[in-house]
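Here the structure is laid out as structure tokens; the discussion comes afterwards.
If you read the sequence from its start, that first residue is 1, and numbering goes on from there.
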Amino acid sequence: MPGGRLTQQERQRIASGLAESLAYAEIARRLDRPTSTITREVMRNGGPTAYRAELAHRATERRARRRTTAAPRGSASLSQPRGRDAEALTEYEETLTTVLLASGLPTMAARVLTCLFTSDEGSLTAADLTRHLQVSPASVSKAIAFLAGQSLVRRERDDSRRERYVVDDDLFYQATIASARANDQLVAVARQGVALLGPDTPAAARLENIARFLDFISENITRAAAQARDILRTAPRAPGDDMPDGEPARD
């Protein structure tokens, strides 16, 4: 991080910038910091609406102490090949977990999903997760049950008959379709309310508008997911490679 760790004064300036509705890039420019540093700092500490400088500073000090104390056990729990910076990866995991929390995932489910996303194999055992996160097997089991119910993780057995938890490209498609189907259920229930409340009442009109909106969203999500599914099965293009339509890739 250029310039070292954020100071309490810088965090106060971040809070002031957020109060002024400044973009992360503008706050970063004023502090002479990378935009990614500001984004990570805010998302890790409550998001733009709940960020508090003093609380963020205390939380950072606690995380630093926790990492120092836990380093002998946790640092070796998941190997980091290819010369990766273990401390930088830990900070990234915290940021990704915070973003997943903001999307609505429970805390342990977000932590487990972060571990799976950042694993090269895309699969881990309960023992791997328990060791890396330093939590109980029951906590991992509960998180996996939630994630599997949302089509975000699947279970499979390896050659040793151990259960492994897997994230792969097709799960993103399945989770998107599951979300669209959840909208379909809400559409159906909303239209039941229209019939019950009477088509000429304000309440019925409100429910019908909600149903029409969600119906449109669900239809377009399903269509877009089907069209984009091949993206999940295609290797990423190297910078400068031509796009599928023959046009050069843009920055």
Distance check, rounded to the nearest 0.5 Å: [X] atom [atom1] versus [Y] atom [atom2]?
| X | Y | atom1 | atom2 | value |
| --- | --- | --- | --- | --- |
| Asn220 | Asp215 | CG | CG | 10.0 Å |
| Leu133 | Arg111 | CG | CZ | 4.5 Å |
| Leu18 | Tyr51 | CG | OH | 7.5 Å |
| Thr222 | Gln227 | OG1 | CD | 11.0 Å |
| Ile27 | Thr35 | CD1 | OG1 | 9.5 Å |
| Leu186 | Ile210 | CG | CD1 | 7.5 Å |

So, using side-chain hydrogen bond (donor to acceptor under 3.5 Å, both in side chains) as the criterion, who are the partners of [X] when residues are at least two apart?
| X | result |
| --- | --- |
| Tyr24 | none |
| Arg212 | Asn209 |
| Gln12 | none |

Where [X] and [Y] come nearest, the two heavy atoms and their spacing:
| X | Y | answer |
| --- | --- | --- |
| Ser123 | Val166 | CB-CG2, 3.7 Å |
| Ser151 | Ala175 | O-CB, 3.8 Å |
| Pro48 | Val42 | N-CG1, 3.5 Å |
| Ala203 | Leu197 | CB-CD1, 3.7 Å |
| Leu129 | Cys115 | CD2-CB, 3.6 Å |

Hey, does the side chain of [X] reach the backbone of [Y] with a donor-acceptor pair shorter than 3.5 angstrom?
| X | Y | value |
| --- | --- | --- |
| Thr118 | Thr114 | yes |
| Arg40 | Tyr92 | no |
| Gln134 | Arg131 | no |
| Asp128 | Leu124 | no |

Among the clusters formed by ILVMFWY side chains lying less than 4.5 Å apart, do Val153 and Ile177 turn up in the same one?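 Hydrophobic grouping puts Val153 with Ile177.
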Hphob cluster co-occupancy, Leu116 + Tyr173, side-chain heavy atoms under 4.5 angstrom: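 Leu116 and Tyr173: one cluster.
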Sequence-distant partners of [X], salt bridge (charged side-chain N to carboxylate O under 4.0 Å, His left out), two or more places apart:
| X | answer |
| --- | --- |
| Arg13 | none |
| Glu121 | none |
| Glu26 | Arg29, Arg30 |
| Arg164 | Asp158 |

All side chain to side chain contact (heavy atoms under 4.5 Å, CB included) counterparts of [X], not counting sequence neighbours:
| X | answer |
| --- | --- |
| Ala110 | Thr97, Leu100, Leu101, Leu105 |
| Ser139 | Met108, Val135, Ser136 |
| Pro137 | Thr130 |
| Glu54 | Gln8, Arg58 |

Any side-chain heavy atom of [X] within less than 4.5 Å of one from [Y]?
| X | Y | result |
| --- | --- | --- |
| Thr7 | Glu10 | yes |
| Ser218 | Val187 | no |
| Leu113 | Val167 | yes |
| Phe146 | Pro106 | yes |

Does a side-chain N-to-carboxylate-O contact under 4.0 Å join Arg154 and Glu156?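 Salt bridge present between Arg154 and Glu156.
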For Leu6 and Ile14, what are the C-alpha separation, side-chain angles and deciding distance, and is it a side chain to side chain contact (heavy atoms under 4.5 Å, CB included)? CA-CA 10 Å; Leu6 289 168; Ile14 290 173; 4.1 Å; yes
Can you list the residues that meet the ring pair (Phe, Tyr, Trp, His ring centres under 6.0 Å) rule with Phe117, with sequence neighbours excluded?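 Counting only residues at least two positions away or on another chain, Phe117 forms a ring pair (Phe, Tyr, Trp, His ring centres under 6.0 Å) with Phe172.
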List the steps and the verdict of side chain to side chain contact (heavy atoms under 4.5 Å, CB included) for Arg162 and Arg157. CA-CA 5 Å; Arg162 294 178 304 175; Arg157 297 280 179 178; 5.7 Å; no
Which residue is it: Arg11, Arg5, Arg33, Arg52? I am looking for the one with a salt bridge (charged side-chain N to carboxylate O under 4.0 Å, His left out) to Glu41.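 When Arg11, Arg5, Arg33, Arg52 are each tested with Glu41, the salt bridge (charged side-chain N to carboxylate O under 4.0 Å, His left out) holds only for Arg11.
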Member of Val189, Thr201, Leu196, Val194 meeting the side chain to side chain contact (heavy atoms under 4.5 Å, CB included) criterion with Leu207: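 That would be Val194.
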Counting heavy atoms not belonging to Arg181, are there more than 12 under 6.0 Å from its CZ?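 Open.
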Exceeds 12 heavy-atom contacts within 6.0 angstrom, atom CD of Gln9: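 Open.
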